[in-house]
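All chains are named by letter (A, B, ...) in the order of the sequence lines, taking the proteins before the strands, and each is independently numbered beginning at 1.
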Amino acid sequence: MIVEKIQTENMFLHYGSKMALNDISIRIPEKKVTAFIGPSGCGKSTFLRSLNRMNDLIDGVKIEGNILIDNINIYDKNIDVVTLRKKVGMEFQKSNPFAKSIYENVAYGPRINGVSDRKQLDEIVETALKNAAIWEEVKDRLGDSALGLSGGQQQRLCIARTLAVNPEIVLMDEPASALDPLSTAKIEELIVELKENYTIVIVTHNMQQAARISDLTAFFYLGELIEFDKTKKMFTNPNKKQTEDYITGRFG
Amino acid sequence: MIKSFKNNIKGILIEGLTLSSAVVIIAIVVVMITVIVVGGKDQISWEFLTSFPKDGMTKGGIFPAIYGTALLVIIMSVAAVPFGTITAIYLTEYAKENSLIAKTIRFAVRTLAVIPSIIYGLFGLGFFIKFVGTQMDNTFLGGQLKWGQPNILWASLTMALLTLPVVIVSVEEALKTVPQDLRAASLALGATKWQTIWKVVIPGSISGIMTGTILAVSRGAGEVAPILFTGVAYYVATLPASFSDQFMVLGYHIYVMSTQSANVDQTMPIQFGTTLVLLALTFILNISAIILRYRIRQKKSN
Amino acid sequence: MTKDQKKKKKSEPTTATLIDITQKKFRWSDYIAEKVIKGVAFLSITIIVLIFIFVFRESLPIFASQKASIQAKAIDSTAEVQETYGEVTDQPAVEETQETYGEVKDTASQSSTDKESYNVSAGSGFDDNQSALKTILTKDWVPVSEKPRYGILSLIIGTFKITIISLLFAAPLAILAALYTASFASKRMKEIIKPTIELLAGFPSVVIGFFALMVLATFLQNVFHYDTRLNSFVGGIAMGIAAIPIIFTITEDALTAVPKSFYEASLALGASKWQTAFFVILPAATPGIFAAVLLGIGRVFGETMIALMATGNAAQMGLNPFESVRTLAATIGAEMAEVVFGDTHYNVLFLIGSLLFIFTFVINAIAEFYVKGKLMKKIQGK
């Protein structure tokens, strides 16, 4: 049975007077990997960022329509945005660890949530690092600066940092775009593992990546959702011509 | 050929003119430093730095002036650094870049930076001493004169106002070097805005806050005009022990000794010595601020 | 939900019951932090307003007394203490009892004598504010005498004289040096020039004043052979030294803000480096340079310590640069410590302060709004 985790209905987003998202309606299922693809500037990242209200930070963004998570409109006025972001974690294009130790990076989330017991923290950090498949690489140097890690390790550390907060949804904004193939493979492997416990939404430029790891794929073009279907179907027999053109590399 | 030759000559002349202007400025700085170092170096001794003036200020050391200067800049920093930092945080973290409020505050900060220091002195006299101080005396001491006169507290607070823009500008620059990504990461982890500022933004700009503090201290240590009538004294026999005491300061010591001492020639070595101490103090502070800021800028460009 | 599923959920914290986002939490720390930060941020605006109020307030009695001209206001220091809001409280005309005539001095000699104590006589005892106001637009500055006169014309002229001299000295030097740094200098030279300027900016003005008083004055006198050792020329040069860093820094900023494309376009058209610097970059940055000079003027105009130490401090009207002068700021610095709080002399000094404040405020506002707008237009086109 497929349970919907995220659902939008007729959602519009404006940057000032410019329309960035036009009438998006989508239903994203629980504990699956959903990929957003499309040429740059198509609105896929913007859409992703409105799912945990990171767009709130940008001046002049206006959103209409409904975005429901667990059937609750997250733009409702009595929504606690801070809690929402705990529920909906996010990875960024460029890994962005804090200038703190590996341990403190992962412990950051629990700490701000009031966990101060050292033993409990140790446990959370270890679990998160293990879940992010980086524990073996860093377990002997938890006190070292996170900035000393390689790009791929930093990205996995950031994932661990997100997991330590116990989110239900993890949004990933091109998490592997700056990485070498080997690190990318590791991240992809990790994403597939994570869907067991988390709903994953990933924005990617790389169609092969979408094909490899996602269960569903949404194709965005010029601020519109052109097509959304099972990944297999999208890549073998898309309904729309635009999707086919993009997937076969005729533009984008 | 001839035209380009002429042009070349012109070019060399003009470049030479601009170069020589730069050289003149450097020369002025070098000459000033040299004169003061040569004139003052023989005077510098442990005793000079640690003893009180003697024989009607014609002999002895400058310890009370050093002590007073240190005390002044400490009280000043305690007041100016937190307020300056918070203002900078407001400007970078809370205010919208082009909002009227932010623009007004920025304009106010830049105005504060160009108001002549003597005006701060007048303000200190009119506001701290005559308004706040007198009110305090009337309210708490039944009109007995204690706070309604110049003292180290009012002088330091006056100086804090003067150095506030220095702190604000430095800290703002540093806060801007903290990548937006880190703020986003923290917020995405469910941190509140204040938690993000406190745990990510401020730790990331500590060196900028330090630069601001050092620059403010350096400025405060050298300024004389704001404290002329808010608390500095020509000579006090004891070190200031309370906020309501008057105090001596290096800069004022130089001024008084060089313009009003009974025998200017006799005290010349003391004057040069004091100037050298003040100059060395501001230089050390400034150079460390320059180095710190250079590092911050490097970090930013990376 | 079966028991098994529940068990599984317990052991796996990652799939705990759904996080509830509908409870809007009130976070005290964030609320307080934001309020405090906002409040503090208004401090700088508040300070400016307070400076306006308090500096003007202390100069108001001069104007106020005109209305109540019959009641010659004789305020002693205790009466002034009560009068905290600057309103004119009509006090009965009390004859000033502590008139002292002893310490009457002429200003020229007074300037460089004792000023450490706060108990110098109330020499201006029987003047009334109205007559003080009448004398303000004259040239005699004789505040401490039997018949005090507060003519600030000579002070204003002295201030402008010094300002002009120091700018004639500092502006070309600083602008050319900035042009060199922005257009010609190698990276190495830049690394020498810029920190040197920063060091100069860090020089306390009392140190520059001391240098001018002890060394520069003697040196210039030996070169130019004039009579008065301390004069507006020496003071002007010394203040010019103090103004160089400001003019240099802002000019250099303006020059480097000129887009690289201007520079490249000019070179591509066959112009040489110096032609580009002089005919393209310099004109494009004119508004910024104008701002630099304006702020330089502001710096010199309000400079106190150098004026006190190097100008000779005699209030004279002449235009000869080798005469002693006295500036507005120096007058405040030299005399404020000696006046009786609240008497006319005191109020006039605050009036001078108000003038200085308005002047620098206006200069800064011009530099800020007019110049910035122009610079933007020039660089971005239209």
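- Ranked by heavy-atom pairs under 4.5 Å with chain B, the first of Ile32(C), Ile193(C), Leu50(C) is Leu50(C).
- Counting only distance, with no hydrogens or angles, the side chain of Asp30(C) and the backbone of Trp194(B) share a donor-acceptor pair below 3.5 Å.
- In this structure, no portion of Ala201(C) lies under 4.5 Å from any heavy atom of chain B.
- One finds the OH atom of Tyr180(C) at 6.5 Å from the CD atom of Glu15(B) (value rounded to the nearest 0.5 Å).
- Looking at Phe278(C), the atoms closer than 4.5 Å to chain B (heavy atoms on both sides) all sit in the side chain, from C-beta outward.
- No part of Arg219(B) comes within reach of chain C, as not one of its non-hydrogen atoms sits under 4.5 angstrom from that chain.
- Heavy-atom pairs under 4.5 Å with chain B peak, among Ala177(C), Ala174(C), Ala185(C), Ala170(C), at Ala177(C).
- Between Phe42(C) and Tyr90(B), the two ring planes are tilted [angle within 30° to 60°].
- The shortest distance between side-chain heavy atoms of Val114(B) and Arg299(C) does not fall below 4.5 Å.
- Heavy-atom distances place the side chain of Ile244(C), and not its backbone, under 4.5 Å from chain B.
- In this structure, CG on Leu199(C) lies 6.0 Å from CD1 on Ile33(B), to the nearest 0.5 angstrom.
- None of Leu279(B), Thr282(B), Leu278(B) except one satisfies the side-chain contact (heavy atoms from CB on, under 4.5 Å) rule with Phe203(C); the exception is Leu279(B).
- Counting heavy atoms from C-beta outward, Met268(B) and Met214(C) have side chains that approach closer than 4.5 Å.
- Side-chain contact between Met189(C) and Leu19(B) is present, with heavy atoms from C-beta onward closer than 4.5 Å.
- The contact between Tyr94(B) and chain C is made entirely by side chain atoms (from C-beta outward), counting heavy-atom distances below 4.5 Å.
- For Leu173(C), the parts sitting under 4.5 Å from any heavy atom of chain B are the backbone and the side chain alike.
- Contact count against chain B (heavy-atom pairs under 4.5 Å) is highest for Ile51(C) among Thr360(C), Ile51(C), Leu200(C), Val207(C).
- Between Phe54(C) and the options Tyr120(B), Phe131(B), Phe128(B), a ring-ring contact (aromatic ring centres under 6.0 Å, His included) holds for only Phe131(B).
- At a 4.5 Å heavy-atom cutoff, the contact between Ile332(C) and chain B is made by backbone and side-chain atoms alike.
- Thr104(B) is listed as a side-chain neighbour of Ile45(C), based on a closest heavy-atom distance under 4.5 Å.
- Within a 6.0 Å sphere centred on CZ of Phe169(C), other residues, nucleotides and ligands contribute more than 12 heavy atoms.
- In this structure, chain C has heavy atoms under 4.5 Å from both the backbone and the side chain of Leu122(B).
- The shortest non-hydrogen separation linking Ala108(B) to Ile48(C) is O-CD1, 3.4 Å.
- Contact of Ile197(C) with chain B is made through the side chain alone, with heavy-atom distances under 4.5 Å.
- At a threshold of 4.5 Å between non-hydrogen side-chain atoms, the residues Ile115(B) and Phe361(C) do not count as touching.
- Chain B forms the most heavy-atom pairs under 4.5 Å with one residue out of Gly302(C), Ser44(C), Gly39(C), and that residue is Ser44(C).
- Pro116(B) has its side chain out of reach of Glu303(C): every pair of non-hydrogen atoms, C-beta onward, lies at least 4.5 Å apart.
- Of the atoms belonging to Ile37(C), heavy atoms from both backbone and side chain fall under 4.5 Å from chain B.
- Counting heavy-atom pairs under 4.5 Å between each of Lys193(B), Met257(B), Gln271(B), Glu223(B) and chain C puts Gln271(B) at the top.
- Heavy atoms closer than 4.5 Å to chain C are found nowhere in Glu93(B), neither backbone nor side chain.
- At a 4.5 Å heavy-atom cutoff, the contact between Val55(C) and chain B is made by side-chain atoms alone.
- Of all the listed residues (Phe211(C), Phe301(C), Phe210(C)), the one sharing the greatest number of non-hydrogen pairs under 4.5 Å with chain B is Phe210(C).
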- Task: Take Leu13(B) and Trp274(C), measure what side chain to side chain contact (heavy atoms under 4.5 Å, CB included) needs, and give me the verdict at the end.
- Result: CA-CA 10 Å; Leu13(B) 279 179; Trp274(C) 72 266; over 6 Å; no
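- Contact annotation: the side chain of Leu164(B) approaches that of Leu43(C) to within less than 4.5 Å [non-hydrogen atoms, C-beta and beyond].
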- Test log, rule salt bridge (Lys or Arg N to Asp or Glu O under 4.0 Å), inputs Glu198(C) and Arg293(B): CA-CA 12 Å; Glu198(C) 277 193 64; Arg293(B) 200 165 40 187; 2.2 Å; yes
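- The closest side-chain heavy-atom distance from Met32(B) to Val215(C) is not below 4.5 Å.
- Between Ile119(B) atom CD1 and Thr304(C) atom OG1 the span is 8.0 Å, to the nearest 0.5 Å.
- Using a 4.5 Å cut-off between heavy atoms, Ile28(B) touches chain C through its side chain atoms alone.
- Closest non-hydrogen pair, Met305(C) versus Ala225(B), comes out as SD-N, 3.9 Å.
- Counting heavy-atom pairs closer than 4.5 Å to chain C, the top residue among Gly222(B), Gly11(B), Gly84(B) is Gly11(B).
- Residue Ile26(B) holds its CD1 atom at 5.0 Å from OG1 of Thr196(C), rounded to the nearest 0.5 Å.
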- Message: Go through it in stages, so that I can follow the logic: the residues are Phe107(B) and Phe369(C), the test is ring-ring contact (aromatic ring centres under 6.0 Å, His included), and I'd like the CA-CA distance, side-chain angles, deciding distance and then a yes or no.
- Response: CA-CA 10 Å; Phe107(B) 174 67; Phe369(C) 296 116; 5.1 Å; yes
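- Here the CG-OG distance, from Leu176(C) to Ser20(B), works out to 7.5 Å after rounding to the nearest 0.5 Å.
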- Task: Determine, stepwise, if the pair Lys130(B) / Glu58(C) fulfils salt bridge (Lys or Arg N to Asp or Glu O under 4.0 Å).
- Result: CA-CA 10 Å; Lys130(B) 288 201 53 204; Glu58(C) 300 292 326; 3.0 Å; yes
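- Considering CG of Leu125(B) and CE of Met336(C), their distance stands at 5.5 Å, rounded to 0.5 Å.
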